[in-house]
Amino acid sequence: MDVIRLLPDSVANQIAAGEVIQRPASVIKELVENAADAGATDIKIFIKDAGKTLIQVVDNGKGMSETDARMAFERHATSKIKSAEDLFSLHTMGFRGEALPSICAISQVELRTRTEDAQMGTRLLINGSAVESQEPCMCEKGTSISIRNLFYNLPARRKFLKSDAGELGHIMREFERMALVNNNLRISIDTGSRVVDLRPGSMLQRINDIWKNNLNMQLIPIDVDTDLVKIQGYVSRPEFARRRNALWHLIANGRHINHLKMHKVITGCFENLIATDTQPCYFFKIQVDPSEIDINIHPSKNEVKLEREKEILSILGASIKAALGKFAATPQIDFDTDLVPVQSPKEGAPENPEIQVPPDYNPFDIPSGTEFIMPQDNGSHAGNDYESPFGSNHYTNNYYKSAKQGNVRNWDTLYNRFMNRQEESARDKMPVEGVLPAIDENPRLPGMYCFQYADKYIVTSTRGGVMIVDQHRAHLKILFEDCLRNVKRMEVTSQRILFPESISLDFDQQDALARVQTELAALGFSLEYEEGNKWQIAAVPSMISQSDAKETVLRILESVMEDSDNYCTTPNPVDDMMERMALVMAKSAAITRGRKLSASEMENLIGQLMSLPDPSLTPSGKLIFTILDEDRLKSLLN
C-alpha cells in the first residue's frame, strides 16, 4: 500500500508559515517590505490587540492589477526574480514568494489595491488560504492589506503568543528596524494607545526621531567608500557606552541583518576605551555588490554570507578606529596615579596638618553587649531596630536587639542553631528563641575569627568546617528579604528628592512603567510625568541612595520588559512582579565584590544572613556560602 502523498497547498502553506511567521511582528516585517518594494513613499501601520485581532498596512505604492492581486497569494509566485541567476543580483527585499501565502494560510485576509492608471480597484477576501470572493471596488492608489485573527486556525500556535505587552514590544522593535532601513520613506504606526509618525530624513535624523534623548549628539560619523564596500553609519562615543539596552543595527544592501562577526569587530574597536560591563551603540549601512552577498540563507532573510568577508571586516574595523582617533575618542590620562610626580610645597605656603590615627582604630567598632535574638519562623522581628554599619540608606536590620551595642563573634553557636532550626522545621517543630552567650571581653586581634579573601569572600570557621561566604550575594539576600517584609507590613519608608532627577524612557520602557506604577509606589518610588518621554523621579526607597535612583528604575523596567511575556501567566503575577522589583533594588544597593570590609562589617553581615529562614541560596537560586568539612580539606591536601 502506498503511503507517500502530496500535501495540499493549504497544509504546505501552514508549514511554511512556521518558518516565515513566528508572531505578529513577522507579519508587519513582510508587509512593510512588500510596500517598500512596490515603490511606496508613505506606509501606515494599524494595530489592534497587539496584532492578534488586526494588522493593517496601507501604502501608496504602484498597486496591483486584478490578476496580480490573485496571483500574489499563490505559493512561490513573485515579481522579484525570474531565474536562479537573479538570486545573485537582488535589489528588492522580498523574492521567495512565501510571505503572503504563509500569512493567508493562518489568518483572514482582506486586500484592496489599485494601480495608478486604473479607475477601479480590486477587493479580495481570503480565509485560511481559501479565496472567498474577488470583486471590483473603489479605493485609493496603492495597496491596503488587513490581516485579522492571526493563527485563528492554529490554536496551539495562538496559545503560545505572549501577552499583549510582550507582543507589542516585539512589534515596536521591528518597527524601529524597518523605519531605520527605510529612512527615506514616511512611516507611521498606530497601536491603539500610541501613534508614531516618522517623516523622511537622513539616517541621523531618523535615529534621533526614533530614540530621541539627543542620541544624535552622542554619535561619531563613519563614511568609507571603497571598490569593495561602502560603509556609512555611526558609533557612540566611548563615554556614552551603555550597560544595558545598547542599540545594535546592521543594514546590508537595504536589509536589516544579524552578523556575529561584524558585531565582534565593532565592539572590539572599543577595547580599553569603555568599561568591560558596557557596550557601544552602532548603526551601519553596508553596501556591497549584490553578486558578493548571499541572502538566501533563511526564510526570515536576517542572515547573510559575504564572499569577501575577511576584507570587509578589516575595512570596517579600520574605519571605526580611524573615526575614534579623529574625534579624540581615546583614553584620557589618569592623573590619580603614581606616575604623576608629587609637587613639593612652595616656600611660605602653609603645610597641611598631620593627623595621627591609631593603627588599630576601627570606625565601625562599637562597645560590647549586644544580644542577638533568633527570629521566629513567622517573620516577626518587630521592635528590634539596628542601624547597619553600611549606612541607613542601605538597609535597616531588624535582627539585633541592642542593650549595649557590640559585635556577634560566636559563629559556631549561630551556625549550630541555624542547623538545629532546619532540623526542627523538618519535624514540624517551631524553633526556640535563643540568645548568644556573653561575648569574651578580652581584647582580640582584628580578623581573628573571620577575614576577607580577594575582597569578595568572607572566610570564617564553624564546628562543621571552614565557611566561605560570597559577600555580595549575602548582602543581596538580606536586602531582598528585608524589602519584601517591609512591603508586606506596609512599612516601606520613602524619601523625597530635593531636586527631582529627570529620566527619559523609550516606548517599551513607558509601557513597562504604566504596568507596574502601583508596585513601584508600594516599594517607595514616586515617578511624575514631565513631558514627551521624560519623567521625574521625585522619591525613592530609603534603602537605596539617591545617586542610584535612575539606574535602579531603569533596571526594574528592564526586568519588567524581559519578563513581560510571562506576566499574567503566573499564579500570582503581582507578588511575582514585586519579588522581581525587590530583587533589582537589592542588587542595586548590595555591597559589591571588591569592597573591603572591616571585621565588624563582616561579623554583622554573617549574623544577619544566618538569622534568615533560608540563608543558603539567593532569590535566583545561587549558593551564598559553602562549607569545607575536615574530610574535604584532607582530600584537597592529599
Side-chain angles (χ1 to χ4, degrees), residues 241-244 246 271-272 274-279 334 336-337 362-364 388-397 399 407-408 411 414-415 446-462 465-484 541 543-556 558-559 562 579-612 614-628 636:
R242 300 185 178 188
R243 284 186 170 83
R244 61 186 55 82
E271 189 175 0
N272 300 325
I274 60 177
T276 56
D277 60 342
T278 62
Q279 294 284 348
D334 185 1
D336 190 19
T337 65
N362 182 358
F364 295 100
S388 161
F390 301 107
S392 59
N393 280 339
H394 284 284
Y395 61 90
T396 300
N397 180 8
Y399 305 136
N407 298 321
V408 179
W411 303 132
L414 187 61
Y415 179 72
M448 178 179 292
Y449 298 111
C450 59
F451 66 91
Q452 194 177 19
Y453 174 72
D455 293 341
K456 298 178 182 178
Y457 308 101
I458 300 172
V459 182
T460 187
S461 61
T462 67
V466 177
M467 177 187 288
I468 303 173
V469 183
D470 186 309
Q471 67 185 40
H472 172 73
R473 292 180 182 177
H475 197 200
L476 185 150
K477 175 75 170 184
I478 295 167
L479 295 178
F480 174 78
E481 295 291 346
D482 190 54
C483 180
L484 284 185
M543 70 177 286
I544 67 171
S545 64
Q546 296 184 8
S547 60
D548 296 332
K550 184 175 180 180
E551 183 73 10
T552 303
V553 170
L554 290 176
R555 286 185 179 182
I556 289 175
E558 180 185 9
S559 176
E562 288 177 352
E579 289 185 3
R580 287 183 167 274
M581 294 164 67
L583 179 58
V584 172
M585 290 174 57
K587 287 181 178 179
S588 299
I591 56 175
T592 59
R593 297 181 181 92
R595 171 176 169 177
K596 290 184 179 296
L597 302 180
S598 68
S600 298
E601 288 178 318
M602 288 186 280
E603 291 171 355
N604 290 334
L605 191 66
I606 298 178
Q608 294 173 74
L609 176 67
M610 287 303 168
S611 67
L612 298 177
D614 179 19
S616 58
L617 297 175
T618 65
S620 55
K622 295 182 179 179
L623 277 176
I624 297 176
F625 65 84
T626 186
I627 296 178
L628 302 179
L636 292 174

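No hydrogens, no waters, no symmetry mates; every other heavy atom, side chains included, goes into these values. In what follows, residues are counted from 1 in the order of the sequence shown.
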Residues at least two apart in sequence or cross-chain that pass side-chain contact (heavy atoms from CB on, under 4.5 Å) with S620, listed by chain then number, are T618, K622
Side chain proximity check, Y457 to H472, heavy atoms < 4.5 angstrom
no
Nearest 0.5 Å, what's the CE-CG distance between M610 and L605?
10.0 Å
Less than 4.5 Å apart, any side-chain heavy atom of V466 and any of V459?
yes
With rounding to the nearest 0.5 angstrom, report the CE to NZ distance, M602 to K596.
10.0 Å
Among all residues two or more places apart in sequence or in another chain, which pass the salt bridge (Lys or Arg N to Asp or Glu O under 4.0 Å) test with R242?
none
Closest heavy-atom contact between I274 and A241?
CG2-CB, 3.7 Å
State, with a plain yes or no, whether a side-chain heavy atom of D470 is found less than 4.5 Å away from one of R593.
yes
Expected output: side-chain N604 to main-chain S600 donor-acceptor under 3.5 Å
yes
Is there a side-chain contact between C483 and L583 (heavy atoms, below 4.5 Å)?
no
For the CD1 atom of I606 and the OG1 atom of T462, what is their distance to the nearest 0.5 Å?
10.5 Å
Check: T460 and I468 side chains under 4.5 Å, non-hydrogen atoms
no
Using 0.5 Å steps for rounding, measure from the CD1 atom of I478 to the CZ atom of R473.
14.5 Å
Under a 4.0 Å threshold between the charged nitrogen and the carboxylate oxygen, would E601 count as salt-bridged to R595?
yes
Within the structure provided, determine whether K550 and R555 are in side-chain contact (heavy-atom separation under 4.5 Å).
no
How long is the gap from CZ on F625 to CD1 on I458, to the nearest 0.5 Å?
12.5 Å
For Q452 and L597, indicate whether the former's side chain and the latter's backbone hold a donor-acceptor pair under 3.5 Å.
yes
Output yes when a side-chain donor or acceptor of Q471 lies under 3.5 Å from a complementary backbone atom of T592, and no otherwise.
yes
4.5 Å side-chain heavy-atom contact, K477 and P619:
yes
Any heavy-atom pair between the side chains of C450 and E603 that's under 4.5 Å?
yes
Under the 3.5 angstrom rule, does the side chain of H475 hit a backbone N or O of A590 as a donor-acceptor pair?
no
Enter the distance from D614:CG to L609:CG here, rounded to the nearest 0.5 Å.
9.5 Å
